[in-house]
Amino acid sequence: MSPIDRTPPRLDRLRIPPVALAAGFAALAGAALILVSGHDPLSAYAEIVRGSLSPESLPDTLAWATPLVGMTLAAALPLRGGMVNLGGDGQLVIGGLVAALAPLVLAGPGPFGAAAGLALAALGGGLYAALAAWGEVRHGVPMLISSLLLSYPAVGVTSYLARFPLRDVATGLPQTLMVPLDARLPVLTGALNAGSLLIAAIALAVVVFDRRTSAGYELRMRGKNARFAGYGGVRLGRQAVGTMFASGAIAGLVGATLVLGSQFRFIDGALLTPAYTWSGLMAALLVGGEPVGAILAALFFAALQTGGFAMQRETSVPRVLTLVLQAIVILFLAMRQGIGRRT
Amino acid sequence: MPEIAAAGIVKRYGGLVANDGVTLSAERGEIHGVMGENGAGKTTLMNILFGMQAPDAGEIRLRGAAVRFRSQIDAMAAGLGMVHQSFKLFGSLTAWENIVYGAEPRRGPFVDRRAARARVAGLAARHRLAVDPDARVGDLSVGVRQRIEILKALHRDARILILDEPTAVLTPPERDALFEVLKSLAAEGRTVLLVTHKLHEATAITDRVTILRDGRTVATLRTADTGAAEIVRAMTGRSVNLEVRKRPRAPGVPLLRAIDVTIASPSGRPAVDRVSLTVRGGEIVGIAGVAGNGQSELVEALVGLRKPDHGRVELCGRDVTDADVPARRAAGLAYIPEDRAAVGSAPSASAADNLAMGFHRAPPLARGLFVDPAAFAAWALALIRRYAIRIANERVAVGTLSGGNLQKIVVARELAHEAPALIAEQPTRGLDVGATETIHERLVAERDSGRAVLLVSAELGEILALSDRVLVMFEGRILADLPQERADEQSVGLLMAGRGTEPG
Ligand SMILES: Nc1ncnc2c1ncn2[C@@H]1O[C@H](COP(=O)(O)OP(=O)(O)OP(=O)(O)O)[C@@H](O)[C@H]1O
Ligand SMILES: [Mg+2]
C-alpha cells in the first residue's frame, strides 16, 4: 500500500479558531448573566459592538489596542521559543524615557528627534532584555527570574529620574519636559497616531518571521523541543539573546509610541498603570505564542474594553461585565490548552 | 476458553486506520507474541486492551465475558498490567513508591509505608526481579525501571501482563533475566502478551504469535511449528534478506578521530577513559558494549554536545575539539541519536518541520532568509516515500507516529545530509525487520560511497553483521579493536563483560 494519504484533512481546515469558539461561549455565559440581572443581553451586546467597532469608535479601539498588541508581540516572540520575558515593564519604561529625552537632547529637526527617539528606545529596551538572556546563557540565571528582577531597577530608576533630576519643575507632577511639537508622531485620525502604523508593521513582521523565515523556524523548533533544536545545529545561546533583544526592542518601541504619540512626555507610572505587559503576556500565553492568534486575542480584549465603556454609558449594564467575559474567554482557552495541546 | 480475546477491533485516527478489525486470543498460562511491521497497529491494540483508548468498534472478552474499560484503572481492576514502550514512572519517587502508587496498603488514612516496602521486597524476591525498593527511580537504568513496571503490575496481581517492546532497551543479560521471569509468570498461570520485533525472541519464548499487517490480523502461528522466515513472510508479505552483503572494504583517509578522549564522571571513575579511535572513509566501525559503559558520553563528545575533559576530536582532518554542534555539522557530521523522541525529533512538530532541520537555511528549502513552505512539504514527501514512512501526510505531528516510523524520520533526515562522517547510535532500535534491512543497506551504501560510519549498538548481531572493525567498550575504555573476520559472538561477548584476552 502507499504510505501517503493525500486526502486533505478537512476537519483541520474547518476547525473553528479557538479564540472565536471561546468568545462564543463567553458571549452565551455573559448573556445569561445579563438576563439574570434584569437587562437585555442583545442591546448590551449591540452596544459593545457599536462602541468598539462602529466607524466613530473604531479609532479609539485601535488606539487602545496599539500598546496592547505591541506588548503581546513582545511576550509572544520569546514564548514561541519556550522562553518567557517577564521584564516587559522595565523595557517599556526604558523605551518611554529614552524616547522622551532624545528629541530634547539631540540637536536637529523634530522628525529626526522622533526617529532617533524610536530607534534609541528600541535599542535601549532590546539591550536591557538581552541582558537577562545573557545572564541565563553565560551564568545560568533562569531568564524567568532575571527578566523579572531586572525590571524593578529599571522602573525604579526611571521613576527617580522623572521625579528629580529630569523633572519638569514648571508642573507639580513627576514628569519630564514636553516633547517639542514637531517631534511628536503625526496624528492619523482622532486618537489614532502613526505609532499604530508602526506597531501594525511590527505585527506583520513578526508574523512573517514566524511563518516564513529560517530563524522563525528555528525559534519554533526550540519552543517544541530545545534539545532537538540544539542537536540539529541551532546555536541556542545566540538565539536566546537575539530573541530577547527583539522582544525588548518591541517593548521599548511601545513605550516610545505612547510617549511620542499620546503622552508627549515621560510621566511617572503612566506607562505601567494599564498593565499592558501582563495583559499582553496573557494574550500571548493563551495561544502558546502563535503570533496571529495572539494579535487577535489582543485586539479582542481591546475591543471588549472600549465596548464596555459604551455599554455602561448607553445601557445600565456595568462595565465589569466585559471583564467577566474576558475572564471566561481566558479560562476557556486555558482549559482547552490543558486538555488537547496542539499548535 | 481464552483468558483474553479481542474481536473485530477497529481504531481510526482521522483518515488513518490503525486497527482494522483485529482479532487476538490468548490462553491462560500462555506467552503470546504480537508481531508486525512498524505502524501495523500493535501498540494501538495493546493500548485498547489496557483501556487507554476506546476502540471505534469491536469487543474485548476476559475469560468469555465481554468487558468495556473506560480507563486503565478499569483494566487494572480487571487484572491487566502493562509495561509501556516508553515507561511511565515518577523519576523523583523511590522504587517502592512507584510500585504501590494508586494501590497503597493503608493503615487508616495513611499509607502503611512499612507494609508497602515489605510487600515490594517480597514480590521482588519471589519473582527474582532485582530491585532496591528505596532507590530513586530517576537514578536507575532502563533495565531496572522495567522491572519496576513489572512489579507494579504484579503488586496489583495482574493475571494478564502486556509488554510493548520490552527488550528494545535491554542488554542481553537483562533480556535473558526478563525472559526467565516471564516464563515463571506463565507457569503460574498468568498470561503474557509480548510485542516484539525480534524474531529470535519470538521463536525462543512465545507459545504462539499473532501477526498484524496494516491493522489486520493476518495469522496466528504456533511457534513450535513455525520458522523465522514464515513469520517474516506473514509480517511483510515478502521474504526479507536478513544477511548483510558488503563489498570488500576500501578504507580511505581518516574522517573521524578521537584522540585520548577522557570524560570525568561524578562517580569517580571516568565515564570515558583515554579513548582513541579512527574511522576512515569507506568503513563502518562498530562500538560493541553493554549500555552504560561510556558509549553515550563518547558520542556526545564526538558530536559536540559535551566537552571532553581531556583529548581531541578531529573531523575530516580538522581539529573540532572546541567547535560547537553547528560547526561540526557544517564540517561534515551527521548524527542519529539514541533517543529519538527527546533529542532526535520535536514530537509535537510536523513531519515537514522535523525533516527540514539542518536543511532549512539553504536552497531548495530556503531562499535567502526566507523558507519556502511548499519546498518543505515536497522535501518531506520525498523522504517519506523513500523510506516508506507510514504517515497520513507531511503535516502530521511526528509524536503520533509508531516508534519505528519516528525512527525512520530521524534516520531519513540524517542520511539526507550525505555528510562525510556519520554517527549512528542504536539506529534500528524498535524497527521491524524490513526497516532494519533497509537501514542496514543504507548504512552499507554510505560506507560504499566512501563515508565514515561509526555505529554504536547494543545489538551485537547488528555490530557483527555491519562493522568492518569492532571496538569493544567496557567501563569507559576500549578493550579491543578487532577486524570483522576475527570478531565473533563469543569473543566479543566475553570482552563486553570485561573478560577477554585481546590486547587493547
Ligand atoms: N494518537 C495518534 N494519532 C494519530 N495517529 C496515530 C496515533 N497513534 C497511533 N497512530 C498511527 O496508527 C498507526 C499504528 O501505530 P502503532 O503505534 O499501533 O504501531 P506499532 O505497530 O506499535 O508500530 P511500532 O512497531 O513502530 O511501534 C501508525 O501509523 C500511527 O502513526
Ligand atoms: Mg509500537
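Quick caveat, the model's predicted, so the values are computed rather than measured.
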With a 4.5 angstrom heavy-atom cut-off, is it the side chain or the backbone of [X] that approaches chain A, or both, or neither?
X	result
B/D324	side chain
B/R361	both
B/Y335	both
B/A341	backbone
B/A366	side chain
B/N405	neither
B/A327	both
B/R413	side chain
B/A330	neither

> Do A/Y231 and B/V325 have side chains that get closer than 4.5 Å, going by heavy atoms?
Replying inline: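 With C-beta onward as the side chain, the pair stays apart.
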> Using a cut-off of under 4.5 Å for heavy-atom pairs, which of B/N354, B/D339, B/V396 has the most such pairs with chain A?
Replying inline: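 Looking at each of B/N354, B/D339, B/V396 in turn, B/N354 comes out on top.
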> What residue, out of B/A356, B/G358, B/A397, B/G39, has the most heavy-atom pairs lying under 4.5 Å from chain A?
Replying inline: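 Of the candidates given, the most pairs with chain A belong to B/A356.
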>> So does B/H360 get a backbone contact from the side chain of A/S214, meaning a donor-acceptor N/O pair under 3.5 Å?
In response: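 Yes, A/S214 side chain to B/H360 backbone: donor-acceptor pair under 3.5 Å.
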> Picking from A/R211, A/E218, A/R227, A/M221, which has the most non-hydrogen pairs under 4.5 angstrom with chain B?
Replying inline: A/E218
> Looking at OG of B/S345 and NZ of A/K224, how far apart are the two atoms once the value is rounded to the nearest 0.5 Å?
Replying inline: 12.0 Å
>> Ignoring hydrogens, what is the shortest heavy-atom contact between B/P373 and A/R212? Give both atom names and the distance.
In response: CG-NE, 3.2 Å
> Taking all atoms of both residues into account, what is the closest heavy-atom pair of B/V343 and A/N225, and its distance?
Replying inline: N-ND2, 4.4 Å
